[in-house]
Amino acid sequence: MLTAYRGDRVQNDGSQSIMSINPDELSGFFMVKRIVLLFLLALFLTQSFASQPHHAKNGIAVSEQRIASQVGIDILRAGGNAIDAAVAMGYALAVVNPCCGNIGGGGFMTVHLANGKNLFINFREKAPLHANRNMFRNEKNKSTKGYLAVGVPGTVLGLDTALQNYGTLSRKQIMLPAIRLAQKGYILTPYEARQLAQFRDDFREQPDVAAIFLKNGQPYKAGDRLVQRNLANTLAAIAEQGPSVFYKGWIAHTIVDSSKKHGGILTLKDFAQYNVKETALIECHYRGYLLITAAPPSSGGIALCEMLNILESFPLAQWGYRSAQSIRTIVEAMRYGFADRNRKLGDPDFVNNPVDQLISKNYARQLSKEIQKSHFAPQHEAITFHETTDTTHYSVMDNKGNAVSVTYTLNGFFGARIIAGNTGFFLNNEMDDFATKPGEPNKFGLVQYDKNSIEPGKRPLSSMTPTIVMKEGKIVMVLGSPGGPRIISSVLLTLLNVIDYDMTLQQAIDAPRFHYQGQPDFIEIEPFAFDFLTQKQLQYYGYYTSQQNNWGAVEAIRVDSNTGTFTGGNDSRRPAGAAIGY
Ligand code: DON
């Protein structure tokens, strides 16, 4: 019996309950009365779902899609722990956040268990066994679109590994909400409808995609219900048969057949051999806080720790929030972090990563001294690029002391923009995260080298940074973000905002961001990140800025160390999201 989830709770998405009323039912007085009530309800829901922090005592779930957050809370209320909730949210986001939530991609899960153990689950995609380092050298766009771009997906085995090892509920219970959401559909918010509309031309190119994500060839509109029957069947098969149906059964066969038909190199062996790894985390201290964060093949944790270690030498708070001096220092810390990221890191199953050196306080002290030597910016050649934001992060905690921080991705929006046959889900384009053309920028402008070159079975280097922050043995924050390389700076700035600048969680998340990665040689800024005079001062020292759109979305939790109360913060940049607690 699948009793854990009350599917009707989907109605907690206010727009859903409003839109599901059939207008034919309304007449005369009742019609007027219902319109007034609906208006009041809509007003209440708009107010209550604005990105306001949510406070709770028993459990909290935060994601960029409120229905998925509600699924997490329903699982906690049904007696599940934070790991159960995180797995259920992972599947739910695969339905209600199809750009980014996924079963056709991969990611990382950072966990603190109530028994004090910290763990890291690596379910990053792998290069197919027929891949080779030169496969994209003379190809344009093939690492971002179509079957050659696809890495062997890890999400299904990753979520299942977490559930089997650390969850308490059954796979069927956990997956029921996602299956129902796919079967019955969910109501698209204006933000989500606009996102789907942006990709209409790509969807039109693929009949298997168009059949689901276009309505009679046209984009869905806000208020429309998006039903995903094929995805529901796929999820039901996984719920029933476990990951074997994905990696050895009809799902693997369908993907491999479609890949062969369309010039891809995926084989059944790639799927059968896919494995998930549980490894040690990256740990570092910043001003008395302990961070537990992502290990390779993500660069995120190492780069974050390197930057924080450098910044610990400087009195950022005393210099003032967004003063030219503090911005310049943070930018220089980012410069070193990204330079090391791009040259020195790769999949630890294939290359040696100098982790201890990169996150050592000694190394950071040397770099801090370099930063102090001159206030002028070193010059690089400018490289331009187009940035997108299309991964997703979510955070969840229960009242037993378990905390889970997950970032998972298809890489680009809707991944490689392909769906194999009747599987119903997008496949990733994670091959582009390798150094596909060493020394040349990828889609995020990252210029990477040999350690991250393509090899059969290797996992591409990532920037995903699911993080948990602790003090004196207690959790104080859970956070992470999408945003490609900007993931690292989004997490960094959110932490600085809380720790150095004493902001509330919501202020810290919503504050305009900036990012610097060496190449391109300008500081990417969100509108209003710096005031005019500060920009002029920075220019004097040789730091130029460029305003960019599409920033990551930090979905985070903070815990009050005195009362144990959770505060959840959904990034205001993601109006479909919510922090929900109970
Ligand atoms: O693993 C990575 O670093 C990238 N594939 C993440 C992509 C991402 O965050 C997209 N959003 N901008």
Side-chain angles (χ1 to χ4, degrees), residues 63-64 93 97-102 104-110 120 122-127 143-145 149-155 158 195 198-199 293-304 337-338 341-342 345-347 385-394 405-417 426-436 441-448 452 454 458-467 479-492 513 515 517 524 526 548-555 571 573-574:
S63 77
E64 63 182 62
L93 283 163
N97 195 25
C99 66
C100 312
N102 68 82
F108 302 105
M109 183 183 284
T110 299
F120 183 63
N122 162 9
F123 53 99
R124 180 76 160 161
E125 300 92 325
K126 284 181 158 193
S143 63
T144 54
K145 210 169 152 187
V150 180
V152 187
T155 297
Q195 190 183 60
Q198 276 171 357
F199 293 90
T293 183
S298 183
S299 64
I302 293 172
L304 177 69
F338 275 101
R341 178 219 183 272
N342 293 347
L345 299 176
D347 183 351
F385 69 104
H386 301 289
E387 179 67 91
T388 56
T389 65
D390 24 29
T391 297
T392 191
H393 178 85
Y394 59 98
S405 187
V406 183
T407 316
Y408 73 151
T409 185
L410 290 168
N411 193 28
F413 262 119
F414 304 100
R417 317 244 165 104
F426 283 102
L427 290 162
N428 68 82
N429 60 356
E430 221 70 56
M431 291 298 283
D432 194 61
D433 270 354
F434 280 113
T436 51
N442 75 354
K443 98 187 190 77
F444 299 115
L446 287 172
V447 181
Q448 309 180 92
N452 189 28
I454 302 174
K458 192 175 175 184
R459 299 179 208 253
L461 189 65
S462 169
S463 299
M464 292 187 279
T465 314
T467 299
L479 78 165
S481 178
R486 290 187 197 156
I487 291 172
I488 303 171
S489 39
S490 301
V491 173
L492 175 78
R513 301 199 182 113
H515 169 82
Q517 59 183 43
E524 299 157 38
E526 215 173 3
Q548 305 276 322
N549 299 317
N550 295 328
W551 290 74
V554 173
E555 305 294 332
D571 200 312
R573 298 165 184 83
R574 292 295 188 283

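Only a predicted model underlies this, so the values are computations on that prediction, with no experimental measurement involved. Starting from 1, each residue takes its place in the sequence as its number. Note that ligands are numbered from 1 as they come in the structure, with each ligand's atoms numbered from 1 the same way.
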*Taking both backbone and side-chain atoms of Gly484, is any N or O found less than 3.5 Å from an N or O belonging to ligand 1?*
yes
_Are the side chains of Thr391 and Cys100 in contact, using a 4.5 Å heavy-atom criterion?_
no
*Minimum side-chain heavy-atom gap Ile488-Phe338 below 4.5 Å*: yes
*With a 4.5 Å limit on heavy-atom distance, are the side chains of Arg459 and Asn122 in contact?*
yes
*Please could you name the atoms of ligand 1 that Ile487 approaches to less than 4.0 Å, counting only its heavy atoms?*
9 (O)
*asked:* Only heavy atoms of Met464, strictly under 4.0 Å: list the atoms of ligand 1 that pass.
replied: 1 (O), 3 (O)
*Considering only heavy atoms from C-beta outward, does the side chain of Leu479 approach that of Val491 to under 4.5 Å?*
yes
*Are the side chains of Arg513 and Ser489 in touch, meaning some heavy atoms are under 4.5 Å apart?*
no
*With backbone taken as N, CA, C and O and side chain as the heavy atoms from C-beta onward, which portion of Lys443 lies under 4.0 Å from ligand 1: side chain, backbone, both, or neither?*
neither
*Short list, please: which atoms of ligand 1 are under 4.0 Å from a heavy atom of Arg124?*
1 (O)
*Give the intermediate values and the outcome of side-chain hydrogen bond (donor to acceptor under 3.5 Å, both in side chains) for residues Ser481 and Arg486.*
CA-CA 8 Å; Ser481 178; Arg486 290 187 197 156; over 6 Å; no
*Find all atoms of ligand 1 within a distance of less than 4.0 Å from any non-hydrogen atom belonging to Thr391, and give their numbers and elements.*
6 (C), 7 (C), 8 (C), 9 (O), 10 (C), 11 (N)
_Salt-bridge present (Arg574, Glu555; N to O < 4.0 Å)_ = no
*Under a heavy-atom criterion of less than 4.0 Å, does Phe413 contact ligand 1?*
no
*asked:* Under 4.0 Å, counting heavy atoms only: does Arg486 come that close to any atom of ligand 1?
replied: no
*Any chance the side chains of Thr110 and Ser405 put a donor and an acceptor closer than 3.5 Å?*
no
*asked:* At less than 4.0 angstrom from any non-hydrogen atom of Ser463, what atoms of ligand 1 do you find?
replied: 1 (O), 2 (C), 3 (O)
*Atoms in ligand 1 with a heavy atom of Phe444 nearer than 4.0 Å*: 7 (C), 10 (C), 12 (N)
*Those atoms of ligand 1 less than 4.0 Å from some heavy atom in Asp433*: 1 (O), 2 (C), 3 (O), 4 (C), 5 (N)
*asked:* Considering both backbone and side-chain atoms of Glu430, is one of its nitrogen or oxygen atoms within less than 3.5 Å of a nitrogen or oxygen in ligand 1?
replied: yes
*Can you check whether Pro482 has an N/O within less than 3.5 Å of an N/O in ligand 1?*
no
*Does the side chain of Asp432 come under 3.5 Å of the side chain of Thr144 through a donor N or O and an acceptor N or O?*
no
